[in-house]
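Note sheet for the following structure.
Index from 1, following the sequence.
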Amino acid sequence: MEYIMNTFSSHYLTRKQNEKLKLFTVVVTEKYISLNKLSEILNITMYQTKILLVELEENVGQLEYDFSSLFFQEKNTIGLIEGFSQELLLNVFVNLKKKFFDESPFFRLLLYLLKYRKTRVVDISEKLMFSKSYSYKLISRLRDIFESQRIPITINSDFESISLEGNEKYIRTYHYLVQVMAYNVFADRQTRVNIDLVGENYKSLQTTKVKHEILLSILENAVSRGYLIQDIDKKSLEIFNIMKELYEDISLTKLIPINNMEEKENELAFFYFCRQLLIPETTSKRDKVFLGEKFKSIKGNKIVDFSVAVLEALSEKFHIKYDVENIILYECIINTWAYQNIYFENLNGTTSQYSNDNRIHEVQNIILNTVLNFELQVGDKELFANKLSHILSYFLPVQNKETVVIAISMLHHPEYVPVIQNKLLAIFNEKIIKFSSNHNEADILVSDGILNHDNSQDFAFFRDIHNKDHWDNLNSVVQARIISKLG
């Protein structure tokens, strides 16, 4: 999901829109930059950069903030006006990005096709106010986007008729992901979620509810146009029947305008699987424990049997608590289903994650061996094991050998010892770090004086609990040691 949201977002915007967003990012990051260097980064002339800055300021002005300008120019330099908070600048960027998506002809046509599926060029021309020749150019561009993303969806044309075709599960998943990408409903690792961005009707709603609204609107639109989920198999329905015990919503069932009970069941199953996967904050830890326990009762189901085998292999190697076992089983089942049903194999193939964490590699090998033993149909088996290992490793407990031992010896201020210990425990989990009075067994020595230590131990000088630099240094030393232990 992050790959579509971050890496592919530029595909749906015009060249100039992408240049403006890049200009905004560079100036906000650098605070002060020469016009020549900025032009080199943007790969345009200095004259074009000046024009782009003027247009960017006009675009920001259209967002109705209470300031007239973000940037200043003096001689051959461009800078960020002082006084703007990072939160405000992030808010401006996200709203600017949303504005560009709303105005992008590529994105407007994509949403139109995702909504209507089959149309005519003349209708596109009338509804979106594009000429016929320009509409054909945009269609060609969208085909190129699908090809570059390696998404298994095609745009077919027959004289004046245009249709979007592909597996219904893929089309709906893609529809959802491009919307949350455009409106920044997901938070990535660098930014906070802004809940005031998705359409004028959603301004007072929380992010999670917005995502539910988007997911539900896609279901209603598809069903109302006769596009139904056809290929929900028996093993998927068995898993769904367990989820239904916890989540069955009569009001949602009534919203699906289908009389055929089998078709309605398929739609409900796909909706709930997508909700578990695409809106994970919906599912509480307690729900995962409940579902994991219930999933164990399913017999003869290849996804469940495979996931149970993975859990058993992990339990032999790691000391896992009962509740965590159920959470791991839940995550394994849901994500295995996703890989088989909605995650695009080709897209995933470009985003394999690499990690130095030995534990992730151990989990990956366990998953891969289990996949091979079960002959699980997951396409690229190594890629599947790689992705699932990153998810499951998060829930595994820290082993004793991975705990960082800290010894604190304060010569001048022994009263600082409990203060430092409590502060570190407030930052790091007590399973990650522990304290010892035995200097020889410590990984890290903390002191306001000189302590003899061997090369395998880290030393952090700490004299003043009111000195921010001392805290920052200690924090960095502890973090580095934790990473080295886990790696």
Heavy-atom side-chain contact between [X] and [Y] under 4.5 Å:
{"X": "Leu80", "Y": "Leu89", "value": "yes"}
{"X": "Ser135", "Y": "Ile162", "value": "no"}
{"X": "Asn386", "Y": "Asp380", "value": "no"}
{"X": "Val92", "Y": "Phe84", "value": "no"}
{"X": "Lys118", "Y": "Arg225", "value": "no"}
{"X": "Asn241", "Y": "Glu265", "value": "yes"}
{"X": "Phe107", "Y": "Val178", "value": "yes"}
{"X": "Tyr227", "Y": "Val223", "value": "no"}

Would the distance check show the side chain of [X] and the main-chain N or O of [Y] forming a donor-acceptor pair, the cut-off being under 3.5 Å?
{"X": "Thr77", "Y": "Glu74", "value": "yes"}
{"X": "Ser140", "Y": "Tyr136", "value": "no"}
{"X": "Ser315", "Y": "Leu311", "value": "yes"}
{"X": "Arg108", "Y": "Glu103", "value": "no"}
{"X": "Ser125", "Y": "Val121", "value": "no"}
{"X": "Gln17", "Y": "Thr14", "value": "yes"}
{"X": "Ser104", "Y": "Phe100", "value": "no"}

When you check the side-chain N and O atoms of [X] and [Y], is any donor under 3.5 Å from an acceptor?
{"X": "Glu165", "Y": "Thr154", "value": "no"}
{"X": "Gln48", "Y": "Ser39", "value": "no"}
{"X": "Asp231", "Y": "Asn167", "value": "yes"}
{"X": "Asp158", "Y": "Ser161", "value": "no"}
{"X": "Lys296", "Y": "Asn326", "value": "yes"}
{"X": "Lys115", "Y": "Asn221", "value": "no"}
{"X": "Asp123", "Y": "Tyr112", "value": "no"}
{"X": "Ser157", "Y": "Arg143", "value": "yes"}

Test side chain to side chain contact (heavy atoms under 4.5 Å, CB included) applied to Asn36 and Asn76, step by step: CA-CA 8 Å; Asn36 182 55; Asn76 285 321; over 6 Å; no
Side-chain ion pair, Lys20 and Glu57, N-O less than 4.0 Å: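 No, this pair does not count.
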Hey, can you tell me if [X] and [Y] have their rings parallel, tilted or perpendicular (30° and 60° cut-offs)?
{"X": "Tyr32", "Y": "Phe72", "result": "tilted"}
{"X": "Phe93", "Y": "Phe24", "result": "tilted"}
{"X": "Trp337", "Y": "Phe270", "result": "tilted"}

Can you tell me if [X] has over 12 outside heavy atoms packed within less than 6.0 Å of its [atom1]?
{"X": "Asn260", "atom1": "CG", "answer": "yes"}
{"X": "Lys99", "atom1": "NZ", "answer": "yes"}
{"X": "Arg286", "atom1": "CZ", "answer": "no"}
{"X": "Glu82", "atom1": "CD", "answer": "no"}
{"X": "Lys264", "atom1": "NZ", "answer": "yes"}
{"X": "Glu64", "atom1": "CD", "answer": "no"}

Over all heavy atoms of both residues, which pair between [X] and [Y] is shortest? Give the atoms and the distance, please.
{"X": "Leu228", "Y": "Ile258", "answer": "CD2-CD1, 3.7 Å"}
{"X": "Lys381", "Y": "Leu376", "answer": "CE-O, 3.8 Å"}
{"X": "Ile333", "Y": "Ile303", "answer": "O-CG2, 3.8 Å"}
{"X": "Leu63", "Y": "Leu96", "answer": "CD1-N, 3.9 Å"}
{"X": "Val180", "Y": "Lys211", "answer": "CG1-CG, 4.4 Å"}
{"X": "Met243", "Y": "Leu291", "answer": "CA-CD2, 3.9 Å"}

How about [X] and [Y]: are their ring centres within less than 6.0 Å of each other?
{"X": "Phe395", "Y": "Phe318", "result": "no"}
{"X": "Tyr12", "Y": "Phe106", "result": "no"}
{"X": "Tyr330", "Y": "Phe290", "result": "no"}

Step-by-step salt bridge (charged side-chain N to carboxylate O under 4.0 Å, His left out) determination, Arg172 to Glu267: CA-CA 12 Å; Arg172 290 198 203 174; Glu267 289 294 333; 2.6 Å; yes
Interatomic distance, [X] atom [atom1] to [Y] atom [atom2] [nearest 0.5 angstrom]:
{"X": "Ile171", "Y": "Ile151", "atom1": "CD1", "atom2": "CD1", "result": "11.5 Å"}
{"X": "Glu19", "Y": "Leu53", "atom1": "CD", "atom2": "CG", "result": "13.0 Å"}
{"X": "Leu56", "Y": "Leu52", "atom1": "CG", "atom2": "CG", "result": "7.0 Å"}

Matching residue for Val310 among Ile328, Asp305, Leu392 - test: side chain to side chain contact (heavy atoms under 4.5 Å, CB included):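 Among the candidates, only Leu392 passes.
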Lys387 and Glu382: CA distance, side-chain angles, deciding distance, salt bridge (charged side-chain N to carboxylate O under 4.0 Å, His left out) verdict: CA-CA 9 Å; Lys387 290 193 166 293; Glu382 290 189 4; over 6 Å; no
Audit row: Asn266, Gln230, side chain to side chain contact (heavy atoms under 4.5 Å, CB included) steps and yes/no: CA-CA 7 Å; Asn266 286 345; Gln230 301 289 350; 5.8 Å; no
Derivation and outcome, side chain to side chain contact (heavy atoms under 4.5 Å, CB included), residues Val60 and Phe67: CA-CA 10 Å; Val60 173; Phe67 51 81; 3.9 Å; yes
Cation-pi, Tyr116 ring and Lys127 (6.0 angstrom, 45 degrees):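 Yes; both conditions hold, so Lys127 lies above the ring face of Tyr116.
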Ile367 and Phe384: CA distance, side-chain angles, deciding distance, side chain to side chain contact (heavy atoms under 4.5 Å, CB included) verdict: CA-CA 9 Å; Ile367 294 170; Phe384 168 71; 4.2 Å; yes
Side chain to side chain donor-acceptor pair (under 3.5 Å), paired with Asn301, selected from Lys235, Glu238, Lys234: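 Single pass found, and it is Glu238.
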From CA spacing to verdict: side-chain hydrogen bond (donor to acceptor under 3.5 Å, both in side chains), Asn369, Asn365: CA-CA 6 Å; Asn369 289 333; Asn365 288 332; over 6 Å; no
